[in-house]
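Report on the structure given below.
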2 protein chains.
Amino acid sequence: MAHGSTRPTSRDVAQAAGVSQAAVSLVLGDKWRGRVSETTAERVREAARELGYRPNLAARNLRLGHTRTVLLVVPALTTEFFAGVYTGAARIAAQHGFGVVLYPSPEGIGPARNPFASAQAALDGIIASSMAADALTAIRGDQLPLVMLDSDPAGSLGAATVNLDITDGIRQVTDHLLGLGHRRFLHLAADVASWTFEVRAHELAARIGDVPGTSLLTVRAPISIEDARTATETALAAKGPRPTAIVCDDDKLAAGAYKAARRLGLRIPDDLSITGLDDLALATAIDPELTTVRLDAELFGERGMQALLAVLEGREPEEGDIPVELVVRGSTAPPSAP
Amino acid sequence: MAHGSTRPTSRDVAQAAGVSQAAVSLVLGDKWRGRVSETTAERVREAARELGYRPNLAARNLRLGHTRTVLLVVPALTTEFFAGVYTGAARIAAQHGFGVVLYPSPEGIGPARNPFASAQAALDGIIASSMAADALTAIRGDQLPLVMLDSDPAGSLGAATVNLDITDGIRQVTDHLLGLGHRRFLHLAADVASWTFEVRAHELAARIGDVPGTSLLTVRAPISIEDARTATETALAAKGPRPTAIVCDDDKLAAGAYKAARRLGLRIPDDLSITGLDDLALATAIDPELTTVRLDAELFGERGMQALLAVLEGREPEEGDIPVELVVRGSTAPPSAP
DNA sequence: CCGCATAGGTTTTACGTATAACGTCGTCCG
DNA sequence: CGGACGACGTTATACGTAAAACCTATGCGG
């Protein structure tokens with residue numbers, strides 16, 4: 001404590017109530033049945049209330065050897081997706097007496113050799129989302145129990161993984177677009193070194209490559225509306241037959257594609273079908289509303305936390321990817337001209 | 001530690017290096033100059049590396065009496081605004097050896113008598129954003145150093161406050177719209193019990209009420225695109241002369257207003273001017289791009305952290321609201337018909 | 001050659017908590 | 001009527017770290 005009077009300790013409460021520190025700990029820890037009389041217990045509680053006592057968590061954590069706190073590492077908070085992940089994780093955590101501390105990966109936050117140098121909280125475990133491989137090995141250094149979200153099961157160094165069924169999502173998208181009659185595709189890919197985006201690219205190429213008479217062009221852009229717009233604009237302005245459908249790795253990229261289409265005078269979905277992936281609020285804000293793949297962020301967070309709890313208790317985490325669902329809206333239609 | 005071998009302690013390192021625990025603490029704490037020889041220091045560091053030693057933060061925090069960790073309480077993460085606040089706060093914090101733990105206010109996370117029961121981290125201080133008054137008194141119960149963001153300076157129970165100059169933002173919006181010739185206004189207000197939104201309503205009424213021949217209708221909606229759409233739609237469908245400009249408390253509300261306008265066949269900005277507040281990514285995703293008030297979220301977070309550091313060091317926090325800036329885009333124009 | 005500084009450590013202590021181990025009454029059963 | 005037991009506590013201890021206080025050789029100036 002920096003200034004003035006220090007915070008009251010359990011010993012202060014004990015003195016005020018005329019009992020021993022152990023009695024205070026018993027009463028406040030709700031372990032006093034048959035050990036302390038009701039009247040004494042009430043006197044202790046009263047004294048604690050009077051002094052405004054709050055237990056020192058550092059001391060408690062040290063004594064107990066655990067903190068009942070886990071860290072949720074997310075790449076960024078620039079979409080509400082990870083808010084959902086947090087909400088789900090925190091819900092399950094709360095049911096088990098755990099707390100969740102959120103740690104957005106630092107971008108320009110300053111040099112941290114260890115990515116958790118600035119998350120000083122004492123932790124029992126970590127849930128990390130969409131980590132790059134090098135960051136993963138760093139994080140494995142802390143031998144804390146670890147669950148990886150959206151990460152390559154093969155390359156996760158033995159950590160438990162929980163994944164969305166992105167492969168199936170891409171399948172649904174391609175089935176939808178191929179069914180509408182599209183043959184020439186542009187893949188607007190997120191310029192992010194993350195396994196989940198590699199899966200998108202790989203699966204898309206496989207699905208479309210399977211069909212004769214199709215073409216697939218790929219262009220990369222950082223996940224920002226403006227970057228997506230310029231990338232799309234230059235790709236669409238290229239000579240040769242224009243793609244009739246753009247598959248975007250992300251709703252935000254899709255919003256950029258919308259802007260590119262507008263600037264080129266292309267109408268959606270008449271001249272150009274566009275799909276996203278996430279189903280953010282953004283998807284229904286733009287016109288026409290975006291056909292996209294809905295990811296259940298909260299369920300994702302819940303499953304992640306459940307897996308971590310399993311690891312902490314020495315159990316085997318539940319298997320199985322989380323299903324995703326194509327939501328068809330107004331941004332996709334059959335291609336107009338052959 | 002739950003399973004298997006317990007983590008190595010500084011004593012284990014000491015034993016491995018053949019020195020005392022104190023020496024380890026000295027070396028690893030970088031306080032060994034003139035106390036330990038370079039060769040011994042290196043031996044200690046080597047042993048620590050070998051064992052994968054990481055200090056027990058609970059023990060350190062207990063010993064030191066502080067945690068160099070502060071809590072940032074935000075109402076929700078459904079927009080990227082608070083991501084910016086975090087980024088700014090974390091940047092300043094890192095410069096001073098502090099960490100920031102993010103705590104999105106619980107919605108359905110479970111019953112927490114104390115809003116911080118689930119944020120179990122041991123803290124040195126709290127930065128709380130846009131809190132309702134009742135939550136504030138609860139939080140003041142923990143006598144931790146506290147900085148309030150976007151909160152009534154008069155009613156903040158002596159806590160330091162840092163505010164955006166929303167009053168000026170509303171002034172800029174009304175000047176802009178009145179200058180364009182608008183006289184009939186609709187205020188699409190956020191249905192949130194927060195001081196900053198009261199300020200918006202109050203200032204708007206004052207600014208517009210000052211001008212003869214004006215009218216101001218207010219309609220409330222939760223901050224969601226769909227709620228905003230329905231609220232706006234019913235308001236615009238009412239009989240009587242239609243408003244020519246909609247002032248929204250928030251960009252997301254504005255996106256809802258766009259959708260309402262589209263469904264009513266009103267063109268933006270020809271038939272209807274719309275303004276937002278925040279300047280989220282959303283603002284440039286919709287068509288036409290939204291005229292809105294840009295809030296510098298990162299600066300907001302920086303100033304909040306600086307204020308908290310000042311409080312922690314017993315200094316007086318810097319005074320003065322954070323300037324905001326009207327960004328004029330395509331959603332506002334002079335009204336068409338008189 | 002004494003005293004004293006200095007390098008290079010070690011021993012000890014305290015932080016606040018939870019809990020195991022230990023008392024001390026009175027009561028009640030055999 | 002002895003002793004076992006329950007009710008109601010207390011005393012003592014350990015968690016892992018940081019740092020103050022202490023120790024011991026060696027070198028060096030006077």
Side-chain angles (χ1 to χ4, degrees), chain A residues 1-2 5-45 47-48 51-69 97 120-124, chain B residues 1-2 5-45 47-48 51-69 97 120-124:
Chain A
M1 294 292 92
S5 55
T6 179
R7 254 175 44 179
T9 74
S10 63
R11 214 172 307 268
D12 296 327
V13 175
Q15 185 159 10
V19 297
S20 72
Q21 179 266 330
V24 173
S25 181
L26 254 12
V27 171
L28 267 31
D30 219 36
K31 300 213 150 76
W32 56 280
R33 279 162 274 259
R35 319 264 287 115
V36 177
S37 71
E38 173 56 47
T39 55
T40 309
E42 185 48 37
R43 214 165 63 234
V44 168
R45 283 189 287 260
L51 293 176
Y53 169 73
R54 284 201 331 144
N56 180 318
L57 291 185
R60 169 177 295 173
N61 291 342
L62 174 59
R63 173 68 231 250
L64 258 24
H66 63 243
T67 60
R68 309 240 143 218
T69 299
Q120 343 233 9
L123 304 170
D124 282 356
Chain B
M1 296 297 94
S5 57
T6 178
R7 251 172 47 179
T9 74
S10 62
R11 215 172 307 267
D12 297 327
V13 176
Q15 185 158 9
V19 297
S20 71
Q21 179 267 332
V24 174
S25 181
L26 253 11
V27 171
L28 267 32
D30 218 38
K31 299 216 151 77
W32 56 283
R33 278 161 273 261
R35 318 264 287 114
V36 177
S37 73
E38 173 56 46
T39 55
T40 308
E42 185 49 37
R43 216 168 60 236
V44 168
R45 284 189 287 258
L51 293 175
Y53 169 73
R54 284 200 332 144
N56 180 318
L57 292 184
R60 169 178 292 174
N61 291 341
L62 175 58
R63 175 66 233 249
L64 259 23
H66 64 245
T67 59
R68 309 238 141 219
T69 299
Q120 343 232 11
L123 304 171
D124 282 357

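Letters A, B, ... mirror the listed sequences (proteins, then strands); counts begin at 1. As the structure is a computational prediction, the values presented were derived from the model and not from experiment.
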Under 3.5 Å donor-acceptor, A:R43 side chain and A:A17 backbone: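 Yes; at least one donor-acceptor contact below 3.5 Å.
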Main-chain N/O of B:T9 paired with B:D12 side-chain donor or acceptor, under 3.5 Å: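 Checked: pair present.
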Side chain of [X] only, heavy atoms from C-beta on: which candidate in [options] is closest?
X: B:N56; options: C:dT10, D:dT17, C:dT19; answer: D:dT17
X: B:V36; options: D:dT17, D:dT10, C:dG9; answer: C:dG9
X: B:L62; options: C:dG16, C:dT17, C:dT19; answer: C:dG16
X: B:T9; options: C:dG16, D:dG16, C:dT19; answer: D:dG16
X: A:S10; options: D:dT17, C:dT17, D:dT10; answer: C:dT17
X: B:A59; options: D:dT17, D:dA19, C:dG16; answer: D:dT17

Rounding to an integer number of Å, can you tell me how far [X] [atom1] sits from [N] [atom2]?
X: A:L28; N: C:dT19; atom1: CG; atom2: P; result: 13 Å
X: B:R33; N: C:dG8; atom1: CZ; atom2: C1'; result: 16 Å
X: A:L57; N: D:dC15; atom1: CG; atom2: C1'; result: 15 Å
X: A:E38; N: D:dA7; atom1: CD; atom2: P; result: 15 Å
X: B:L26; N: C:dT12; atom1: CG; atom2: P; result: 17 Å
X: B:N61; N: C:dG16; atom1: CG; atom2: P; result: 13 Å
X: B:H66; N: D:dT17; atom1: NE2; atom2: P; result: 16 Å
X: A:R11; N: C:dT17; atom1: CZ; atom2: C1'; result: 9 Å

Residue closer to the 5' end of DNA chain D, A:Q21 versus A:S37 (nearest nucleotide):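 It is A:S37 whose nearest nucleotide is closer to the 5' end.
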pair B:Y53-B:L28: side-chain heavy atoms closer than 4.5 Å: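 Counting from C-beta outward, B:Y53 and B:L28 do come under 4.5 Å.
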Heavy-atom side-chain contact between B:E42 and B:E38 under 4.5 Å: yes
hbond_proxy A:R35 side chain to D:dG9 base (donor-acceptor, 3.5 Å cutoff):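 Under the 3.5 Å cut-off, the side chain and the base do form a donor-acceptor pair.
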Contact under 4.0 Å: B:T40 side-chain N or O vs C:dG8 OP1/OP2: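 For B:T40, the contact criterion (side-chain N or O under 4.0 Å from OP1 or OP2 of C:dG8) is not met.
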Sugar-phosphate only, base, or nothing, as touched by B:V19 at under 4.0 Å among non-hydrogen atoms: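 The answer is sugar-phosphate, as B:V19 gets under 4.0 Å only of primed atoms, P, OP1 or OP2.
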Touch class at under 4.0 angstrom, heavy-atom based, for A:S25 against every strand present: base
Atom CD of B:Q21 with >12 non-hydrogen neighbours under 6.0 angstrom: yes
